[in-house]
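Take a look at the structure below.
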Number of protein chains: 2
Amino acid sequence: MALTRSEVVRTATRILREYGLGDLTMRRLARELGVQPGALYWHVTDKQDLLVAVTEALLAALPAPPTGPATTQATVRTGEELLAALLPVPDAADVVRVALAWRPEAVTALAAFEELAPAQVGPDVMARRHWARGALDLVLGAVSDHQELLRVAQARSEPDPLPGEARARVAAALQRWARD
Amino acid sequence: MALTRSEVVRTATRILREYGLGDLTMRRLARELGVQPGALYWHVTDKQDLLVAVTEALLAALPAPPTGPATTQATVRTGEELLAALLPVPDAADVVRVALAWRPEAVTALAAFEELAPAQVGPDVMARRHWARGALDLVLGAVSDHQELLRVAQARSEPDPLPGEARARVAAALQRWARD
DNA sequence: ACCTGAACACCGTTCAAGT
DNA sequence: ACCTGAACACCGTTCAAGT
């Protein structure tokens, strides 16, 4: 049976989840799919396209953004859900940043945060977009930092930092960022 | 005359400035220095070590952090200076993020921001550290985003986005982030 | 339509051997 | 002390040719 794009993306996402971005190479991906490297380029235009698709896969698991009023609490919840989706995936923040540079509209979390911009930000589209990007940057920074702590702790065979710490930190950051 | 580490770092920084991170390879760097690739490893332990040193070089140009009280204005000024140092350097944010993951104490901007944490953050060391990291994430996000806009504008041969826009954006973000 | 085989033009890093 | 030469083990991407 022929390979499909979604199978390629699924396997890529699995490699990322299990081994991180350093192991997510086109050649390794091809090997796991039992196919020659060149075959991937029938389903994917290049590696960036693949990483954007992987980002979409990571974000697809997120619940729909809250539809109510743009409260601080709603922002915090959205950020915590994003964090929960990304934290267990090694190098997830870097992958999302590639998508952000290459196809920002694929990063649905951005649109979600835009809806949640507090009143004080005003109606200006750019101001709201920048506010959303700031919220995302704060979450991605927390993800990178926490995964780095984890890397160091494991190298020293110390106990892992708890995900709850990253969660509390994101909550605090978004509370500060969202308050009117 | 023998090569020195600082010559290696200087040339690496120049390549980054002129051509970006994609062209900053050990082989290319060796070529520009008129030396074999292996020679670099006498002066630098690996590429990450090099990128940390390049980050230090980029940040060395920054003025000393303001010594006065931790006002919002001082935070904004610090952020604007950091932005001014990084904005003209392609992929500067990615390079700083590597240093941040690998040797955070080399990112002096982090210590600078820590001093500037507003009173409301409190005396807790971790809280202040996270606040500083948030400030840095906001600036780095603005750098990445602006350089990305620039890339797109140049690809479409549209006029470049003005650095002043990035500056205004960083000011707004840090005002929001720093207010007590 | 979808994939193979094979190549092209690269990478970072190591290390015996030279000076 | 510092560097060369040469290798090792990889990369992403392209493309004629096959089925």
Side-chain angles (χ1 to χ4, degrees), chain A residues 1-16 18-57 90-91 94-99 101-103 106 151 155, chain B residues 1-16 18-57 90-91 94-99 101-103 106 151 155:
Chain A
M1 221 273 276
L3 201 58
T4 65
R5 178 179 164 98
S6 77
E7 197 181 349
V8 170
V9 173
R10 251 201 327 274
T11 303
T13 307
R14 187 177 55 68
I15 294 176
L16 181 70
E18 291 178 16
Y19 305 99
L21 194 51
D23 283 47
L24 179 45
T25 69
M26 298 304 274
R27 295 177 109 96
R28 162 83 181 265
L29 177 55
R31 212 185 324 127
E32 301 236 344
L33 288 164
V35 85
Q36 294 295 317
L40 298 177
Y41 290 84
W42 183 265
H43 302 280
V44 132
T45 65
D46 54 21
K47 192 172 181 180
Q48 278 166 345
D49 180 35
L50 176 69
L51 291 181
V52 170
V54 167
T55 299
E56 287 173 323
D91 307 312
D94 300 277
V95 176
V96 173
R97 282 190 199 106
V98 169
W102 219 246
R103 219 154 63 72
R151 206 180 58 77
Chain B
M1 221 273 275
L3 201 59
T4 65
R5 178 179 163 100
S6 77
E7 197 181 349
V8 169
V9 173
R10 253 200 327 273
T11 303
T13 307
R14 187 176 56 67
I15 294 176
L16 181 69
E18 292 179 16
Y19 305 99
L21 194 53
D23 283 48
L24 180 46
T25 68
M26 298 305 272
R27 295 177 109 96
R28 162 85 180 265
L29 177 54
R31 213 184 324 127
E32 301 236 345
L33 288 165
V35 86
Q36 295 294 318
L40 298 176
Y41 290 83
W42 183 264
H43 302 280
V44 131
T45 64
D46 53 22
K47 191 171 182 181
Q48 278 168 345
D49 179 36
L50 176 70
L51 292 180
V52 170
V54 167
T55 299
E56 287 172 324
D91 307 313
D94 301 280
V95 177
V96 173
R97 283 191 198 104
V98 170
W102 218 247
R103 218 153 64 71
R151 208 180 57 78

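These numbers come from the heavy atoms of this one structure, side chains and all, not from hydrogens, waters or symmetry mates. Throughout, protein chains are lettered first and strands after them, A, B, ... in sequence-line order, and every chain is numbered starting at 1.
- A heavy-atom distance below 4.5 Å is not found between the side chains of B/Pro37 and B/Met26.
- When all heavy atoms of A/Ile15 and A/Arg28 are compared, the closest pair comes out as CD1-CG, 4.1 Å.
- Residues of residues 4-15 of chain A that place a heavy atom closer than 4.0 Å to DNA chain D do not occur.
- Annotation: side chain of A/Leu16 is not in contact with side chain of A/Leu51 (no heavy-atom distance under 4.5 Å).
- If B/Lys47 and A/Ala2 are placed on DNA chain C by their nearest nucleotide, the residue sitting closer to the 5' end is A/Ala2.
- When rounded to the nearest whole Å, the span between CG of A/Leu40 and C1' of D/dC11 equals 13 Å.
- The shortest heavy-atom contact between A/Tyr41 and A/Thr45 is CD2-O, 3.6 Å.
- If you measure from atom OH of B/Tyr41 to atom P of C/dC15, you get 13 Å, rounded to the nearest angstrom.
- Here, D/dA9 and C/dA9 have their P atoms 23 Å apart, quoted to the whole Å.
- Between B/Gln36 and D/dC3, a side-chain N or O to OP1/OP2 separation shorter than 4.0 Å is absent.
- Nearest heavy-atom pair across B/Pro90 and B/Gly20 is CB-CA, 3.8 Å.
- Contacts with DNA chain C (heavy atom under 4.0 Å) in residues 19-33 of chain B: B/Thr25, B/Met26, B/Arg27, listed by number.
- At the phosphate of C/dA1, neither OP1 nor OP2 sits under 4.0 Å from any side-chain N or O atom of A/His43.
- Counting heavy atoms from C-beta outward, A/Leu33 and A/Leu40 have side chains that approach closer than 4.5 Å.
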In dot-bracket, 5' to 3', how would DNA chain D read with Watson-Crick or G-U wobble pairs under 3.5 Å, [ ] for crossing ones and | for pairs to another strand? ||.|||||...|||||.||

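- If you take CZ on A/Arg97 and CG on B/Asp94, they are separated by 8.0 Å, rounding to the nearest 0.5 Å.
- Close to D/dC2, at under 4.0 Å from its OP1 or OP2, lies a side-chain N or O of B/Trp42.
- A salt bridge links B/Arg5 with B/Asp49: the closest approach of a Lys/Arg side-chain nitrogen to an acidic carboxylate oxygen falls below 4.0 angstrom.
- Checked against B/Leu29 for a side chain to side chain contact (heavy atoms under 4.5 Å, CB included), the options B/Val44, B/Val35, B/Thr11 give a single hit: B/Thr11.
- Taking each heavy atom of B/Gln48 and B/Val98 in turn, the nearest pair found is CG-CG1, 4.4 Å.
- Between the P atom of D/dT14 and the CG atom of A/Asp46 lies a distance of 8 Å, rounded to the nearest Å.
- Closest approach of B/Asp91 and B/Gly22 over heavy atoms only: OD2-N, 4.4 Å.
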